[in-house]
Student: 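Questions regarding the structure given below will be posed in turn.
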Amino acid sequence: MTIRLYDTSARQIRDFTPLTPGCVSIYLCGATVQAAPHIGHIRSGLNFDIMRRWFTYRGYDVTFVRNVTDIDDKIITKSAEQGRPWWSIGYENEVAFNTAYDTLGCLRPTYEPRATGHVPEMVEMMRGLIERGHAYAADGNVYFDVKSFPGYLQLSNQELDNLLQPSGEGETGKRDPRDFAMWKAARDGEPSWETPWGRGRPGWHLECSAMAHKYLGSAFDIHGGGVDLVFPHHENEIAQAKAFGDDFAAYWSHNAWVTMSGEKMSKSLGNSVLVSEMVKRWRPIVLRYYLGTPHYRSMIEYSEEALQEAEAAFARIEGFVQRAVEKVGVVEPAPEVPPAFAEAMDDDLGVPQALAIVHTTVRQGNSALTADDKESAVARLAELRAMLGVLGLDPLDERWAVGDAEGGADLHGVVDSLVRLVLEQRQAARARKDYATADAIRDQLQQSGLAIEDTPSGPRWTLS
């Protein structure tokens with residue numbers, strides 16, 4: 001068994017070899033909490049949740065770190081616009097992100113450090129970089145000297161002569177416009193912390209280099225994030241960490257965007273779709289299916305039609321699970337997933353290919369139920385639950401019963417009671433051979449969006 005992953009730094013798929021046998025360490029760039037999350041933000045969390053689950057299934061002990069950027073230019077700008085403390089905005093949106101992760105079934109990280117809780121570690125790293133000649137202080141700012149680090153831009157494959165480094169307000173005193181800020185001098189009305197070079201606040205990139213060092217050491221296995229972070233964020237992280245003396249990440253893994261009309265989903269474009277609003281219209285498990293089942297390196301073009309297709313596809317999976325449980329009872333997941341599923345997941349987390357095995361198993365299970373082959377139905381249900389468990393999509397997992405209730409699907413119980421009352425009336429009509437009334441009740445339920453199926457254990461309804 002060998003897991004293979006696409007490594008952005010190598011620009012190819014590589015066999016995964018952990019630094020410590022039996023263990024995997026992952027650092028994921030998490031939320032910048034200036035606003036509530038849209039589905040584009042949460043896709044990254046879902047993709048790396050599936051990666052983590054697969055490593056765990058393969059027997060690895062996984063340490064998963066996902067940071068929170070709770071101070072940056074955007075948060076400070078929002079604070080001024082809204083007349084609210086920066087920490088209030090950050091905390092409110094951090095809660096919103098964690099609620100979204102939980103609602104869509106992401107496992108909690110091993111550690112979830114905040115940038116503002118790690119200023120001493122950042123000061124230590126800056127001091128070391130200045131002593132080694134890779135950084136310098138100017139006008140209260142601290143900059144990284146990009147020309148001092150020969151490996152700079154290898155991840156993004158750019159030429160230094162053509163580099164346009166993003167730069168913020170107040171970044172004065174640079175020796176070279178391509179140098180980037182690790183620490184920004186304090187300005188009136190902004191939060192700041194004391195350092196040997198004056199009061200100020202973290203630059204965007206320094207926090208992740210410092211926190212990865214603290215929680216995962218000088219070397220770790222996988223660094224993840226959205227493809228938009230390759231430059232400048234991840235490129236600058238590498239420069240800081242390696243110039244400080246760390247080996248840093250052995251593999252770099254990046255997920256693609258969720259787009260609308262071909263553009264990256266973002267707040268600045270005004271086209272974001274908030275998770276908190278989406279779960280009012282779609283069940284969280286359906287949203288997870290929609291965002292988590294395309295290949296992590298493939299773009300997702302958002303549309304209502306695509307979500308409807310995802311809902312219908314997942315309904316076919318759920319339908320078999322429901323019918324099987326009614327006929328054979330609840331079956332525990334198989335100890336191993338089918339070999340073809342494992343082969344697909346080992347090959348750069350090939351979820352679309354693995355999902356094809358899921359749907360094949362569903363078809364085989366339905367055929368077994370039709371043939372009243374309970375032994376085969378049990379086997380297929382066990383295999384299906386094992387595969388869905390890896391993807392975080394097992395409808396029999398108790399976390400979805402809790403998650404659906406938190407997401408508003410607690411109405412299911414109310415609807416179920418009302419529908420069953422109507423179905424009892426239909427059954428009574430059938431018992432007295434009043435088939436016209438029974439058919440009329442069924443037709444009215446169908447017009448309301450419910451599909452009624454008569455089974456040996458009684459009528460069953462689903463959303464059509």
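All values below were derived from every heavy atom in this structure, side-chain atoms included, with hydrogens, water molecules and symmetry-related copies excluded.
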Student: Answer yes if the side chains of His118 and Tyr215 hold a donor-acceptor pair under 3.5 Å, and no otherwise.
Tutor: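 The criterion, which ignores hydrogens and geometry beyond distance, is satisfied for Tyr215 and His118.
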Student: Could you tell me if Trp54 and Asp346 have a donor-acceptor pair between their side chains, going purely by distance under 3.5 Å?
Tutor: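 Distance-only check passes for Asp346 and Trp54.
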Student: Report the distance from atom CD1 of Ile76 to atom NZ of Lys184, rounding to the nearest 0.5 Å.
Tutor: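 It comes to 8.0 Å.
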Student: The test is side-chain hydrogen bond (donor to acceptor under 3.5 Å, both in side chains); show your working for Ser209 and Glu237 and say whether it passes.
Tutor: CA-CA 5 Å; Ser209 298; Glu237 279 187 58; 4.7 Å; no
Student: Does Arg14 have any salt bridge (Lys or Arg N to Asp or Glu O under 4.0 Å) partners at least two apart in sequence or in another chain, and if so, which?
Tutor: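 Here the qualifying residues are Asp7.
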Student: May I ask you to check whether Asp247 and Ser218 show a side-chain donor-acceptor distance below 3.5 Å?
Tutor: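 The answer is no; no qualifying pair exists.
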Student: What heavy-atom pair brings Phe64 and Arg52 nearest, and what distance separates the two atoms?
Tutor: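 For Phe64 versus Arg52, the nearest heavy atoms are CD2-NH1, 3.8 Å.
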Student: What pairs with Lys174 under salt bridge (Lys or Arg N to Asp or Glu O under 4.0 Å), at least two apart in sequence or on another chain?
Tutor: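 If we apply the salt bridge (Lys or Arg N to Asp or Glu O under 4.0 Å) test to Lys174, skipping adjacent residues, the hits are Glu171.
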Student: Give a yes or no on whether the backbone of Asn366 and the side-chain of Arg380 come within a donor-acceptor separation of less than 3.5 Å.
Tutor: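 Answer holds: no.
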Student: Side chains of Asp246 and His213: is there a donor and an acceptor less than 3.5 Å apart?
Tutor: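 Yes.
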Student: Do Asp347 side-chain atoms and Gly350 backbone N/O form a donor-acceptor pair below 3.5 Å?
Tutor: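 A pair under 3.5 Å: no.
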Student: Under 6.0 Å between ring centres: does that hold for His234 and His205?
Tutor: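 No, the ring of His234 stays outside the 6.0 Å limit from the ring of His205, centre to centre.
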Student: Identify the two heavy atoms, one from Ala135 and one from Met182, that lie closest to each other, and give their separation to 0.1 Å.
Tutor: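 Closest approach of Ala135 to Met182: CB-CE, 3.4 Å.
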Student: Strictly by modelled atom types, are Asp348 and Tyr296 linked by a side-chain donor-acceptor pair under 3.5 Å?
Tutor: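 Yes - a donor-acceptor pair under 3.5 Å links their side chains.
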Student: Which residue pairs satisfy the salt bridge (Lys or Arg N to Asp or Glu O under 4.0 Å) criterion with at least one member in residues 20-37, sequence neighbours excluded?
Tutor: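 Checked against salt bridge (Lys or Arg N to Asp or Glu O under 4.0 Å) - neighbours excluded - no pair reaches residues 20-37.
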Student: Any sub-3.5 Å donor-acceptor pair from Asn93's side-chain atoms to Ala36's backbone N or O?
Tutor: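 Here the side-chain-to-backbone pair exists.
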Student: Determine the minimum heavy-atom distance between Phe244 and Leu129, stating which atoms define it.
Tutor: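 Distance-wise, the nearest heavy atoms are N-CD2, 3.5 Å.
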Student: Is a side-chain donor or acceptor of Asp61 paired with a backbone partner of Cys23 at a separation under 3.5 angstrom?
Tutor: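 Side chain of Asp61 to backbone of Cys23: no pair is present.
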Student: Where do Tyr251 and Thr17 come nearest, in terms of heavy atoms and distance?
Tutor: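 In terms of heavy atoms, the two residues are closest at OH-N, 3.0 Å.
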Student: Between His223 (side chain) and Ala250 (backbone), is there a donor-acceptor pair under 3.5 Å?
Tutor: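 Between the backbone of Ala250 and the side chain of His223 there is no qualifying donor-acceptor contact (under 3.5 Å).
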